[in-house]
Amino acid sequence: MNRSQLLKRLDQTWNAFTASYADLSDAEITEPTVTGTWSIKDIIVHVATWEAESLEHLPIILAGGRPPRYSVMYGGIDAFNARTTELTRNVSIAEALGMRDVAHRRLINFILTVPEDQFIRETGFRRRLRLDTYGHYPRHTAAIQRWRQRRAER
């Protein structure tokens, strides 16, 4: 994979994610039953949070360092997710979409500055990028699609 291919994959999975909720009403976007108690708004903020985490930790990886472990800092990834969800529970839909757009634009701009050798082989950089982005979006896209299917069957 090269940068261009990675950006294409990222774009495809991102577009599928955003399309999964694009036609929904505000009431549907804030309904708290999509994944456990999470609404689509919570999922949008969650995805933006992980892109922001990528932007914080990928430069550390590029410099040869190791980002702090979530198990040490927060008690694990689930605890981190719960904490960030609680901290952002009351953001508006507009704020959630703004967070999404800013984080994603910053991430793409950052990727454009990374040396090509980080994309052509499996590196710590590419692994973290995959986990936080194009490997992450499809899980939430599928959750939203399952939720939509359940609603359609009612």
Colleague: Just checking, any donor-acceptor pair under 3.5 angstrom between side chains of E153 and Q149?
Modeller: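 Judged by distance alone, the side chains do pair up.
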
Colleague: Would a 4.5 Å heavy-atom cut-off, applied to side chains only, mark T13 and T141 as touching?
Modeller: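 SC-SC contact between T13 and T141 ruled out.
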
Colleague: Using the rule given for salt bridge (Lys or Arg N to Asp or Glu O under 4.0 Å), can you reason through E51 versus R100, listing the C-alpha separation, both sets of side-chain angles and the distance that settles it, and then say yes or no?
Modeller: CA-CA 9 Å; E51 286 190 336; R100 175 202 68 187; over 6 Å; no

Colleague: Below 30° counts as parallel, above 60° as perpendicular, anything between as tilted: where do the rings of Y21 and F17 land?
Modeller: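 It falls in the perpendicular class, over 60°.
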
Colleague: Are there more than 12 heavy atoms of other residues, nucleotides or ligands under 6.0 Å from atom CZ of R106?
Modeller: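 Counting neighbours around CZ of R106, 12 or fewer heavy atoms of other residues, nucleotides or ligands fall under 6.0 Å, so no.
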
Colleague: Please round to the nearest 0.5 Å and tell me the distance separating atom CZ of R130 and atom OG of S54.
Modeller: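 Going from the CZ atom of R130 to the OG atom of S54 covers 11.5 Å.
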
Colleague: Should W147 and E31 count as side-chain neighbours, where that means a heavy-atom distance under 4.5 Å?
Modeller: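 Heavy-atom side-chain distance check passes, below 4.5 Å.
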
Colleague: In the single-linkage hydrophobic clustering (I, L, V, M, F, W, Y; side-chain heavy atoms under 4.5 Å), do L131 and F119 co-cluster?
Modeller: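 L131 does not cluster with F119.
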
Colleague: Do you reckon L62 sits in the same ILVMFWY cluster as I108, going by side-chain contacts under 4.5 Å, direct or chained?
Modeller: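 In one cluster: yes.
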
Colleague: Check this for me: does any side-chain nitrogen of one of R128 and D132 sit under 4.0 Å from a carboxylate oxygen of the other?
Modeller: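 Salt bridge flag = yes for D132 with R128.
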
Colleague: Evaluate the side chain to side chain contact (heavy atoms under 4.5 Å, CB included) criterion for residues Y70 and E53: first the C-alpha distance (whole Å), next the side-chain angles of each, then the deciding distance (0.1 Å), finally the verdict.
Modeller: CA-CA 11 Å; Y70 289 89; E53 286 293 294; 2.4 Å; yes

Colleague: Can Y137 and Q12 be counted as having a side-chain donor-acceptor contact under 3.5 angstrom?
Modeller: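 The criterion, which ignores hydrogens and geometry beyond distance, is not satisfied for Q12 and Y137.
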
Colleague: Atom CG of L6 and atom CD1 of I120: how far apart are they, to the nearest 0.5 Å?
Modeller: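 So the gap between those two atoms works out to 12.5 Å.
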
Colleague: Output yes when a side-chain donor or acceptor of E86 lies under 3.5 Å from a complementary backbone atom of R83, and no otherwise.
Modeller: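 Not a single qualifying donor-acceptor pair exists.
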
Colleague: May I ask you to test the R146-T35 pair for a side-chain heavy-atom distance under 4.5 Å?
Modeller: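 A side-chain contact under 4.5 Å is absent here.
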
Colleague: State the CD1-CG distance between I111 and L58, to the nearest 0.5 angstrom.
Modeller: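 It is 8.0 Å, given to the nearest 0.5 Å.
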
Colleague: As a quick check of understanding, evaluate side chain to side chain contact (heavy atoms under 4.5 Å, CB included) for T123 and D117, giving each step before the final call.
Modeller: CA-CA 9 Å; T123 61; D117 69 340; over 6 Å; no

Colleague: A side-chain contact here means heavy atoms from C-beta on lying under 4.5 Å apart; do R148 and D23 qualify?
Modeller: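 R148 reaches D23 side chain to side chain.
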
Colleague: After noting the C-alpha distance and the side-chain angles of I77 and N81, does the key distance pass the side chain to side chain contact (heavy atoms under 4.5 Å, CB included) rule?
Modeller: CA-CA 6 Å; I77 289 175; N81 286 337; 3.7 Å; yes

Colleague: Under 4.5 Å between side-chain heavy atoms, counting indirect links through other Ile/Leu/Val/Met/Phe/Trp/Tyr residues: same cluster for I40 and I93 or not?
Modeller: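 Same cluster: I40 reaches I93 through Ile, Leu, Val, Met, Phe, Trp or Tyr contacts under 4.5 Å.
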
Colleague: Can you label the angle between the H46 ring and the W38 ring as parallel, tilted or perpendicular, going by 30° and 60°?
Modeller: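 Answer is tilted, since the angle falls between 30° and 60°.
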
Colleague: Is any side-chain heavy atom of R3 closer than 4.5 Å to one of V114?
Modeller: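 Result yes, sub-4.5 Å side-chain heavy-atom pair found.
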
Colleague: According to a hydrophobic-cluster definition based on side-chain heavy atoms being under 4.5 Å apart (Ile, Leu, Val, Met, Phe, Trp, Tyr only), do L55 and I60 belong together?
Modeller: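 No, no single cluster joins them.
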
Colleague: Using a 6.0 Å cut-off, check whether atom CZ of R9 has over 12 heavy atoms from anything other than its own residue.
Modeller: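 No, because the 6.0 Å sphere around CZ of R9 holds 12 heavy atoms or fewer from other groups.
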
Colleague: How many angstroms lie between atom CD1 of I29 and atom CG of L97, to the nearest 0.5 angstrom?
Modeller: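 Going from CD1 on I29 over to CG on L97, the span is 6.5 Å.
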
Colleague: With a cut-off of 6.0 Å (strictly less than), are more than 12 heavy atoms of other residues, nucleotides or ligands near CZ of R150?
Modeller: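 Buried by this count: over 12 neighbours within 6.0 Å.
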
Colleague: What heavy-atom pair brings I43 and H140 nearest, and what distance separates the two atoms?
Modeller: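 I43 and H140 have their closest heavy atoms at CG2-CB, 3.6 Å.
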
Colleague: Tell me if a side-chain donor or acceptor on N15 pairs with a main-chain N or O of D11 at a distance below 3.5 Å.
Modeller: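 Between the backbone of D11 and the side chain of N15 there is a qualifying donor-acceptor contact (under 3.5 Å).
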
Colleague: Examine W50 together with Y134 and report whether their ring centres are nearer than 6.0 Å.
Modeller: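 Not close enough - the centres of the two rings lie 6.0 Å or further apart.
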
Colleague: From L129 CG over to L107 CG, what is the distance, rounded to the nearest 0.5 angstrom?
Modeller: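 If I round to the nearest 0.5 Å, the distance is 6.0 Å.
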
Colleague: State, yes or no, whether a side-chain contact exists between H104 and L10 at a heavy-atom distance under 4.5 Å.
Modeller: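 Yes, at least one pair of side-chain atoms sits under 4.5 Å.
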
Colleague: Let me confirm one number: the OG1-NZ distance from T88 to K41, rounded to the nearest 0.5 Å.
Modeller: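 Going from the OG1 atom of T88 to the NZ atom of K41 covers 7.0 Å.
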
Colleague: Could you see if V72 belongs to whatever hydrophobic cluster contains I61? Use Ile, Leu, Val, Met, Phe, Trp, Tyr and a side-chain cutoff under 4.5 Å.
Modeller: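 They do not share one cluster, since no chain of ILVMFWY contacts under 4.5 Å joins V72 to I61.
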
Colleague: Please report the shortest heavy-atom distance between Y74 and A79, naming the atom on each side.
Modeller: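 Looking at all heavy atoms of both residues, the shortest contact is O-CB, 3.0 Å.
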
Colleague: Carefully, step by step, assess F80 and M73 under the rule side chain to side chain contact (heavy atoms under 4.5 Å, CB included).
Modeller: CA-CA 9 Å; F80 172 80; M73 293 181 64; over 6 Å; no

Colleague: Check whether any side-chain heavy atom of E116 lies under 4.5 Å from a side-chain heavy atom of N2, and answer yes or no.
Modeller: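 Result yes, sub-4.5 Å side-chain heavy-atom pair found.
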
Colleague: Indicate the atoms forming the closest heavy-atom contact of A103 with A48, along with that distance.
Modeller: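 What the structure gives for the nearest pair is CB-O, 3.7 Å.
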
Colleague: Can you tell if the side chain of V45 reaches within under 4.5 Å of the side chain of T85, non-hydrogen atoms only?
Modeller: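 Result no, sub-4.5 Å side-chain heavy-atom pair not found.
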
Colleague: Could you tell me whether R127 atom CZ has more than 12 heavy atoms of other residues or ligands within 6.0 Å of it?
Modeller: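 Counting neighbours around CZ of R127, 12 or fewer heavy atoms of other residues, nucleotides or ligands fall under 6.0 Å, so no.
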
